[in-house]
Each structure stands twice: as C-alpha cells, then as structure tokens.
Amino acid sequence: MKQDSPSAQKIVPVLVPLPAAKPYSYSVPDGMDVKAGSIVRVPLGPREVAGIVTEGATDSVDAKKLRPISELFDCPPVDDGMMRFMRWAADYTISPPGMVARMTLRVPAAFDPEPPVPGLRFSGQQPERMTGARSRVLELAGDGLAWTRTGLAHAAGVSATVIDGLSAQGVFEDVMIPARPVVAPPDPDYAPAELSGDQADAARQLVDAVSARGFSVSLLDGVTGSGKTEVYFEAVAKAIEQGKQVLILLPEIALTQQFLERFHDRFGSKPAEWHSDLAPKTRERVWRQVMEGQVRVVAGARSALFLPFQDLGLIIVDEEHDPAYKQEDRVFYNARDMAVVRGHIGSFPVILASATPSVESQVNALQGRYTRIRLTGRYAEAAMPDLKAIDMRRSPPRPGGFLSPALVEAMNQTLQRKEQSLLFLNRRGYAPLTLCRVCGHRFQCPCCSSWLVEHRFRGQLVCHQCGHHEARPEACPSCGTLDHLVACGPGVERIAEEAEKTFPDARIIVLSSDLMGVKRLRLELDAIARGEADIVIGTQLVAKGHNFPNMTLVGVVDADLGLANGDPRAAERTFQLLSQVTGRAGRTGKKSLGLLQTYQPNHPVMRAIVSGDAEAFYAREIEERERSGLPPYGRLGALIISAGTRAEAENHARALRRAAPHSPEINVLGPAEAPLALIRGRHRFRLLIHGTRKADIQNFIRAILSAGPKERGSVRVQIDIDPQSFL
Ligand code: ADP
Ligand code: ZN
C-alpha cells in the first residue's frame, strides 16, 4: 500500500470479481480502517461490487478518477494464508486474480453478519391467572432460555395469541437471539471407533502428522472397505482438539448422505456441507460461520477450497483420483493439487485417500514427497469380490440384447439368494445414437458435434453437451419414412428394459442423474441400502461412496467403454472406475462377485482388475508415462480456442501457434480441431503445450498470449493447465 505523506489520501488495490489483469485502485475514506483481506464494496462503472483489498503497489491513478471505497463490510478480513493461496492459484492457472477472488466472494449476502432475530425470555413474573395453555408455555420457557414467539407457540402447542397475552402481562421480556449455528461443534471424543491393528497404525501416523503441525502429504492407500474413513476421522479428531478448522473434500458431496451420518456417529454432530445444491440461506450461513471460525469442519465439493477459513489446519481429499476434482469452467483447477498447495502455504498436513490413487500421487509417494500409508485388507469379515472377465466374443448376448448369458445366470442366482445385483453402465438415456434404417440419417445436435441420445422415459432426443432436446419423431426427417428409426447401442434405460424382460418379477431401480433430483436420489440410495430393490442399474454416480450391505453382484455392462477415447489417462481412469464399481459388492462378509463384460479380456486394465494385481498395472502405467514424458514426468497445458465460425477459431489458433517462442524444453502440438469440434454453436481448436518436468509452461503460455493476437470478436481462449480432458 502506498502512502506518500500523512496528509495524502490512502490508496489501496482492490480485487474485483472481473477478468482484469490487475487489481483496481481505490481511495480509503477517512476513518475507514482497511487492510489486506478486508472485504469492501466499491463503485465500478455504474455499479457497485464487492472486492477484496489486497497488497502491492497501486497504479498511479488520476486523482480526479480515483473513487473511494463505499463500504467496509462488517466481516473479518480474509486470512493471510487464503490471500496467498488465491494469488498462487491465479498465477498457476493463468487466471485473472479477480476471477479467483470471485470464487471466494460468491456469497455477497454473508458479508454482513446475520441479524439477530427478535425473541422472548421468561422475566420471572408469574401470569395473573394460570390456564392449561399458559402452564404448558411456562413449562418450556420457565428455565429462562430465549425463544422465538412462533417457535415457543409451536413447541407448546398453543396459538401465538397465548404468548402475546403473557407478554402483555410482563411475563416475557423482549430479547434478540443471535444467529443460530448451522451445525453444533463436533466432539473429538464422542465415539472413537475401535480400530484394527492395521487401522490403528495408519491412524497413528496420520495423527502424528497433525500433531507435528507442519506441512506434509500422506497418501492413505487402501482397498474399498478397508476403513480409510474411520482412520482419517482420527486425524480430524486431532485437528479439532488443536482448535483447528478441517476441510474434507468429497467428489460427490450432494450424494454422500451416508458420509454425513457416519461423521455424526463419530463426532456427535454433522459437518457443515458445502456444494452447489445448498439452499441460498444455508449457503450464506455456512460461509459466514466458516469465516467467523464457528464452523469447525466442512465436508464439501471442490469449491469448498475457496471458503474463507480463519484457521485451517487439515485438508482431507477423499477419492483423490476422482476426475470430479477438476473444474473446467472459467478458472480451470484441480482441487486435489490445489489442496496440497493450500496445505503448503498454511503449513498444515494434507491427507489424500483412495483405493486407486492417481498415477501422479503414486509417483509422488514413490519419490518420497508423499508418505504412503497402506491398509491392505477389508475391515472385519468383508472380503473383496471375486472378479472375472466375461469374454463377449465367446459369450455374446442374444440379438438386440446387451447382457451375456453368463451375467444373466449370475443375476438369476443372486436373485434366488435374495441378494442385490448392480448393473453398471456409464451412459445416461436409452441409446447413444438413433438412425434411420432406410436412408442412414443420424440424429445430430444442431449446435454440437455430438449425436443425440434417446431418452425414452422422457420421449426425447437429447444432446449431452448442451442440453438441446427435441421430441423423437415418428418419421425420418431426411427421407420421411415412417417407423424405421433404430436405437443403436445401450444406455441405462435400455439395460433396464432388458432386465425387466429377463426378470419380470424383480424390483428394478434405475439411478441416473437425469432421471431425478438429488433429494430423490438420496431417498433411492437409502431404499437400496435397506434392500428395497433386487436389481440396481446405474451410471457412475452409484460407484461413489455408498455402502449397500446386501449387494453381492456387480456386472459392468461395457467395461471397454472408457478405453476408446484418445485420453492418455484412459487406462488409469477405467481401472479406477471399474475397481470402484466392483468394490460396491460384498461389503458385509457375504461372498460376492464382480463380472466385467469385455471384448478385450487381455487388455492390461482387465487383466489387472481380474488378477487383483494393481501394482503391476500401476508399474506399467508409470513406466509408460515416464517413457512418453507425460505427467507427472512432464508437464501439459492446453489452449482451447473457440469462435462463432470455424475459420475464426482456426485462424486465431494458428496465429497463437506462430506466436509461440522457441524453447528446447517445450513443444507445441497443434492446433488441431478438438474432438468435440462444436459445442453450443462454438467451433473449437486446441493447442497442446508439452514440456519437460522442469519447464515453466506458465511463462511460455503467457509469452504466447502476449505476443499473439488478443481475443476479439467471438474468439475466446481458455487456458487449462494440467488438462484432464482432451475433448
Ligand atoms: P473405505 O473408506 O476404505 O472404503 P470405510 O471407512 O467406508 O472404508 O469402511 C468400510 C465399512 O467398514 C464401513 O461400514 C465402516 O463403518 C466399517 N468399518 C471400518 N473400520 C471399522 C472399525 N474399526 N470399526 C467399526 N467399523 C468399521
Ligand atoms: Zn448440443
């Protein structure tokens, strides 16, 4: 901050939620006490926006143009660690710092404290005349605690006029009740689990890491059902004891009701939740109470990383390998990697947990940067499912079907034992492609280069890129022939149809995000856990974190599905997803089976899953990455150039390519038309920046952007450091 002389106006830089390269300067009105981290309201053109006062020099602004800060919110300043983290994140992802600040400033209504609500308290004065209703009220309120008028009336089962009558006689005095905490504080000693020997060893190492109070990364690596959650809860307990705040990141928080309940069982209260599905009021309260330090533990989706913790002391990233941690919108970031950085900046431990750790984390553990902590077996009598590949070339389904006789037979036996089967297919809808049998016309999205997916329950053809939908016609729009449209390939709805035909008496549930909202989904998941379905058919959301005690068969309808795209992580992803899905089976000691339908039974992924030799699989993947210089042995960055016309996008991409400096450590690949060449009417090209491990690809990309043409007209350039998706 700059202050030339005592009498000179104080000027501070403020990050405003805009894609500007630098903070804007504002003057500080006399008597306003702002510092780095203060959240303020500032004028911006004709509007007013919230911003964060930051550090550093301010640009010299013409005194006439300089405008004052309008208001300092009644809110603690953003903590120094968080300020440094935001700066780092902006730098690393090559994002405008204001756009990173915007992720923290999402909840403007929480910048001022939640106002206390008016309430009543027993004054000690007895009513002139006692009635039944009045005595019920006084029974509740007689101990002198504050109540709201309607709350007390409701609890006592009387009408509010009874309360008003008592107030009029001076029986109650008016008080203000402070805002209610969103969750009660967790009790670290509430109900610790009795850990097995292995688990206790692992927990001790994690607790030691927390006790050490410095930065460290532990990779908690244990098969599904080995008790990773129970084990890391001990580290959470330690951090709570230390008076620190804790963040637990989960890939699919909206669905992990079971997790919240387990946390409650262990700590006597739930953690605060943070995800996109929260009601606005709850969102504001959680943000505010995290900021004030009242909320001790948050369980959240990736965006929880940008909550304004005051005294964060531990982050846990559960299912650290999960692709859902990558945000690909505005600021492209990987929350797992950012969590590690946050721990480094704040000097506290980070725990990454997974049954199938990412290759990146495996290598970090191998090279000694992370401490690997293993849990080898499943807890108690639960055994891993027996895993087998079904060779679809030898055991093909009946014509028009997708379930092989071997899988159908296993389902049949499971039904007879009154146990549950799960059929997994990572494809929503009925069929991924519809075509006309007469002229060959294929239904394609008018705005995207993707086929329309038939959703038969809704009677629509839907684009999974942009959401475009249209009614499924009777006649082909191209040749006009009636009733000759055919569905090609399966989605979950079609598998459900086949299962219904094959097992007409079975209770079948289809779980797919497009068929129901989160609330309904939670209910369905609970119902399944209670045994209220025989066959569950679902997309990947069934794979995540649920315990279905009676599920003893998992059938993967198309194990090859994820292998076909040009993604360098395809094998790793498929291995992780299939391990996770088959890990749903046999969580309670019953003998269980996982069957993978595949046309490539000799593919290394299938062999690794069936043999259970994950180590050999990873060794091979790691060797492959090292040989080709791919992450973590090399670095990748992507530029995605899109525009309203193909020519504009392509020309801009070529011009950026030409602007690339020369570097012995960095190669630029492309531009190439993106595999998804058209999304929402925008044509897309990609440049891939591939560097050695030491290469500074951020500076290289900055050099391209500053030497190359600027975004103009309809052209947009997105920057994706460490891309996970290559579409
Ligand atoms: P993971 O996170 O490794 O998949 P979980 O922590 O979900 O494993 O544990 C699997 C199941 O075993 C859960 O139902 C959990 O409650 C139970 N469990 C694991 N360890 C213990 C323990 N020490 N005491 C009681 N139950 C346990
Ligand atoms: Zn579309």
Side-chain angles (χ1 to χ4, degrees), residues 191-204 206 219-237 248-252 256-267 299 316-322 351-357 373-385 429 432 442-453 455 460-470 529 543-551 576 579-590 592 642 676-684 727:
E194 269 184 48
L195 300 179
S196 69
D198 250 18
Q199 291 179 337
D201 282 345
R204 200 169 313 118
L206 296 181
L219 178 61
L220 181 58
D221 173 358
V223 295
T224 50
S226 56
K228 295 185 292 297
T229 316
E230 303 293 337
V231 167
Y232 72 62
F233 276 173
E234 295 315 299
V236 173
I248 304 172
L249 292 176
L250 301 165
E252 203 72 53
T256 37
Q257 202 58 26
Q258 274 187 351
F259 175 86
L260 302 176
E261 275 152 26
R262 282 178 69 181
F263 188 94
H264 187 283
D265 291 345
R266 169 65 185 80
F267 294 100
I316 290 163
V317 186
D318 203 349
E319 312 286 6
E320 66 92 27
H321 64 276
D322 201 296
I351 299 171
L352 310 178
S354 175
T356 49
I373 300 174
R374 270 185 217 274
L375 290 172
T376 42
R378 278 196 161 178
Y379 174 69
E381 75 276 36
M384 290 303 283
R442 297 170 167 215
F443 287 80
Q444 191 176 358
C445 177
C447 342
C448 305
S449 46
S450 57
W451 306 124
L452 293 178
V453 179
H455 285 242
Q460 284 178 327
L461 299 171
V462 181
C463 171
H464 283 186
Q465 291 307 320
C466 71
H468 164 89
H469 51 86
E470 54 195 56
K544 292 183 184 175
H546 308 288
N547 265 330
F548 303 123
N550 201 33
M551 190 164 281
Q576 287 160 340
S579 303
Q580 203 169 11
V581 172
T582 51
R584 293 303 112 205
R587 313 264 301 189
T588 44
K590 289 183 181 142
S592 63
S642 64
L676 282 171
L678 188 65
I679 297 184
R680 295 173 195 275
R682 298 185 63 81
H683 295 261
R684 306 166 76 240
L727 294 177

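Any value given below was found using the heavy atoms of this structure, including those in side chains, with hydrogens, waters and symmetry copies removed. Keep in mind it's a predicted model, so treat the numbers as computed, not measured. Ligands are counted one by one from 1 in listed order, and the atoms in each one are counted from 1 as well.
- Not a single N/O/S atom of Cys447, whether from backbone or side chain, sits less than 2.8 Å from the Zn ion (ligand 2).
- The distance from ligand 1 to the heavy atoms of Val223 drops below 4.0 Å at these ligand atoms: 3 (O).
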(Q) As a quick check of understanding, evaluate side-chain hydrogen bond (donor to acceptor under 3.5 Å, both in side chains) for Gln576 and His321, giving each step before the final call. (A) CA-CA 8 Å; Gln576 287 160 340; His321 64 276; 5.0 Å; no
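- In terms of polar-atom proximity, defined here as any N/O pair under 3.5 Å, Ser196 makes no such contact with ligand 1.
- A distance-only check finds no donor-acceptor pair linking the side chain of Arg684 to the backbone of Ile679 [under 3.5 Å].
- With distances taken over non-hydrogen atoms, the option nearest atom 2 (O) of ligand 1 out of Asp221, Thr224, Thr229 is Thr229.
- Within the set Glu230, Arg262, Lys228, the minimum heavy-atom distance to atom 7 (O) of ligand 1 is found for Arg262.
- The minimum heavy-atom distance linking Leu220 with Ala202 is given by the pair CD1-CB, 4.4 Å.
- In summary, the atoms of ligand 1 found under 4.0 Å from a heavy atom of Leu195, numbered by their order in the structure, are 23 (N).
- Taking both residues in full, the closest heavy atoms of Leu375 and Gly227 are given as CD1-C, 4.1 Å, listed atom of the first, atom of the second, then distance.
- The existence of a salt bridge linking Asp201 and Arg204 is confirmed by a sub-4.0 Å separation between a basic side-chain nitrogen and an acidic carboxylate oxygen.
- In terms of protein heavy-atom proximity, atom 20 (N) of ligand 1 is nearest to Gln199 NE2, 2.9 Å.
- For the pair SG of Cys445 and SG of Cys448, the angle at the Zn ion (ligand 2) is about 110°; rounding is to 10 degrees.
- At a heavy-atom cutoff of 4.0 Å, ligand 1 is contacted by the backbone of Glu194 but not by its side chain.
- Among protein heavy atoms, atom 14 (O) of ligand 1 sits closest to Asn547 ND2, 3.3 Å.
- Between His464 and His455, the ring-plane angle classifies as perpendicular under the 30° and 60° cut-offs.
- Polar contact with ligand 1: present for Gly227 (N/O pair, distance under 3.5 Å).
- At a threshold of 4.0 Å, the pair Arg266-Glu234 counts as salt-bridged, since one of the basic side-chain nitrogens sits closer than that to a carboxylate oxygen.
- Considering all non-hydrogen atoms of both residues, Cys445 and Cys466 come closest at SG-SG, 3.7 Å.
- Here's the thing with Gly225: one of its N/O atoms is less than 3.5 angstrom from an N/O atom of ligand 1.
- For Gln465 against Cys448, the heavy-atom pair with the smallest separation is CB-SG, 3.7 Å.
- With the Zn ion (ligand 2) as vertex, Cys463 SG and Cys466 SG subtend 110°, rounded to 10°.
- Neither the backbone nor the side chain of Val231 has any atom closer than 4.0 Å to an atom of ligand 1 (non-hydrogen atoms only).
- Of all protein heavy atoms, the one closest to atom 24 (N) of ligand 1 is Tyr379 OH, 3.1 Å.
- Of all non-hydrogen atoms in Cys447 and Leu678, the two that sit nearest each other are O-CG, 3.2 Å.
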